[in-house]
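Hydrogens, waters and symmetry mates play no part in the numbers below; they use all other heavy atoms, side chains included. In what follows, chains are A, B, ... by sequence order, proteins preceding strands, each numbered from 1.
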There are 2 protein chains.
Amino acid sequence: MLSKKTKYGIKALAYIARKKDRKPVQASEISESENISQKFLESILLELRKSGFLGSKKGKGGGYYLIKEPGEIRMTAVIRVLEGPIAMVPCVSLNYYEKCDDCPDENTCSVHKLMIQVRDASLQVLGENTLEDIASLQ
Amino acid sequence: MLSKKTKYGIKALAYIARKKDRKPVQASEISESENISQKFLESILLELRKSGFLGSKKGKGGGYYLIKEPGEIRMTAVIRVLEGPIAMVPCVSLNYYEKCDDCPDENTCSVHKLMIQVRDASLQVLGENTLEDIASLQ
DNA sequence: CTATAATCCTATCGGTTTACTAGGTTTTAA
DNA sequence: TTAAAACCTAGTAAACCGATAGGATTATAG
C-alpha cells in the first residue's frame with residue numbers, strides 16, 4: 001500500500017509541474033486545491049526539497065518550485081524518496097537491499113524468485129513514466 | 001511491503017507443493033524447515049485452510065495438504081487472501097475498491113493513472129505464476 | 001521599521017497494524 | 001489411554017502512520 005505521504009507528494013509535484021510559469025507555488029494553494037492537510041503537506045514538501053526535487057523561497061510571495069524539468073523526473077526516484085523501496089521484499093530491493101534472516105539461500109527461495117519478477121515489472125512502469133507524463137491531464 | 005504473514009504463507013504452500021505424495025504435512029515440520037515461528041505459522045495455515053487452499057487432518061499423523069493441483073493455484077489468489085489488495089491504492093483495486101476521499105475525479109488524478117499501470121504489471125506477473133512455478137527449485 | 005506571509009523545525013500523539021506469544025481445547029491414531 | 005496434532009481466543013510490545021501543535025526564521029510590501 002502506498003502511504004498518504006507518497007500519494008500527497010506525487011499529487012503536489014504534479015500540481016507544481018502543471019503550472020507553466022516557474023513562479024513559486026505556496027503550500028497553502030496546493031493544500032486547498034488537492035484537499036491535503038496543510039501542515040502534513042508542509043512536511044512532505046520540505047522532504048522533497050531536501051532530497052533535491054524542489055527548490056523553495058521563503059517569505060511573502062515564496063513557495064516551492066521544480067528544480068528539474070518534469071520530463072527528467074522519473075517516478076522511480078520520487079517513490080524511492082517518499083515511500084522507500086519499490087520491491088515488496090528487502091531481499092530483492094536494488095536500493096534498499098537486506099538479507100532475510102530466515103532464508104538460508106536466496107537462489108532457491110520461492111518468494112524471492114516471484115518478487116524479483118514483480119519488482120522488475122513495477123520498475124519498468126515507474127521508470128518509463130516521468131512527472132511530465134503523469135502531470136498532463138487525461 | 002509484503003508482510004511476514006504473506007511471505008511465510010507462500011513459503012509454506014511451496015513447501016507442501018514440493019512433496020510428491022499427498023500425505024499431510026505437519027506445521028512443526030514446515031516451521032523447522034523454513035525457520036518460521038510455529039505458533040505464528042499455525043495461524044497462517046489455518047487461514048489458508050479456511051480460504052480453501054489447504055485441507056487439514058487433526059490428531060496424530062495429521063497435518064495440512066493441498067486441495068488443488070499446484071498448477072491451478074495462481075499467486076494472485078494467494079496474495080489476495082493473505083495480504084489483501086494487489087493494487088497500491090484502493091481506488092485502483094479490482095477486488096477491494098474504495099474511493100479516495102480527497103480526490104474529486106479519478107479520471108484526472110495523476111496518482112490514479114500511474115497506479116493503474118503498476119497494478120496491471122503486477123497482476124500480469126502474479127497471474128501467470130502458479131504455485132507449481134514458484135515451488136520448483138532453481 | 002513594521003506587519004504579514006511564507007517556509008522551516010521539533011515534538012507529540014492517538015490509532016492502527018504487525019508479528020508474535022501464551023495457554024489452552026479438541027480430535028485422532030496407535 | 002496416551003500422545004500428537006490441529007484448532008481457538010486472547011493479549012501484547014513495538015513500530016508505523018497520519019496527522020496536529022506551536023512556534024522560529026526569513027523575506028517582502030508598505
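Considering only side-chain N and O atoms, B:Ser43 lies nowhere under 4.0 angstrom from the phosphate OP1 or OP2 of D:dC7. Side-chain nitrogen and oxygen atoms of A:Lys57 include at least one within less than 4.0 Å of the OP1 or OP2 phosphate oxygen of D:dT28. Here A:Tyr64 does not reach the OP1 or OP2 of C:dA6: none of its side-chain N or O atoms lies under 4.0 Å away. When the side-chain nitrogen and oxygen atoms of A:Ser56 are compared with OP1 and OP2 of C:dC8, one or more of them lie within a distance under 4.0 Å. Note on A:Tyr8: every side-chain N or O is 4.0 Å or more away from OP1 and OP2 of D:dG18. In terms of phosphate contacts, B:Ser37 brings a side-chain nitrogen or oxygen within less than 4.0 Å of OP1 or OP2 of C:dT21. Contact annotation: A:Tyr65 side-chain N/O to C:dA6 OP1/OP2 distance is not under 4.0 Å.
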_Chi angles and distances behind the side-chain hydrogen bond (donor to acceptor under 3.5 Å, both in side chains) call for B:Ser93, B:Glu98_ = CA-CA 8 Å; B:Ser93 172; B:Glu98 249 176 275; over 6 Å; no
*Output, in order, the C-alpha distance, side-chain angles, deciding distance and verdict of side chain to side chain contact (heavy atoms under 4.5 Å, CB included) for B:Cys100 and B:His112.*
CA-CA 10 Å; B:Cys100 301; B:His112 190 82; over 6 Å; no
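In this structure, of C:dC8, C:dC9, C:dT21, it is C:dC8 that holds the atom nearest to the side chain of A:Arg49. Picking from C:dT7, D:dA5, C:dC8 the nucleotide with the shortest atom distance to the side chain of B:Gln26 gives D:dA5. The side chain of A:Lys50 approaches C:dC9 more closely than any other nucleotide in the set C:dC9, C:dC20, C:dT7. The side chain of B:Lys58 sits closest to D:dC7 out of D:dA19, C:dA5, D:dC7. When each of C:dC9, C:dA29, D:dT28 is scored by its nearest atom to the side-chain atoms of A:Leu46, the top-ranked nucleotide is C:dC9.
Distance A:Ile36 CD1 to D:dT20 P: 13 Å, rounded to the nearest Å. Nucleotide D:dC16 holds its C1' atom 15 Å from the CG atom of A:Leu2, rounded to whole Å. The CD atom of A:Glu32 sits 11 Å away from the P atom of C:dA6 (whole-angstrom rounding). Atom-to-atom, CD of A:Glu42 to P of C:dA5 comes out at 15 Å; the value is rounded to the nearest Å. With rounding to whole Å, B:Met1 atom CE is found 11 Å from D:dC17 atom P. If you take CG of B:Leu41 and P of D:dC7, they are 12 Å apart, rounded to a whole angstrom. The nearest whole Å value for the distance from the NZ atom in B:Lys60 to the P atom in D:dT1 is 16 Å. What separates CG of A:Leu54 from C1' of C:dA6 is a distance of 15 Å, to the nearest Å.
No continuous path of hydrophobic side-chain contacts links B:Met1 to A:Met1 [ILVMFWY only; heavy atoms under 4.5 Å]. Both B:Leu94 and B:Met75 are assigned to one and the same hydrophobic cluster, defined by single-linkage of ILVMFWY side chains at heavy-atom distances under 4.5 Å. No chain of hydrophobic side-chain contacts below 4.5 Å, direct or via other Ile, Leu, Val, Met, Phe, Trp or Tyr residues, connects B:Leu131 to B:Tyr65.
For D:dG11, the base has no donor-acceptor partner in the side chain of B:Lys39 [N/O atoms by modelled type, under 3.5 angstrom]. Taking only distance into account, the side chain of A:Lys7 never meets the base of D:dG18 through a donor-acceptor pair shorter than 3.5 Å.
Minimum heavy-atom separation, A:Arg22 to A:Leu66: NH1-O, 4.2 Å.
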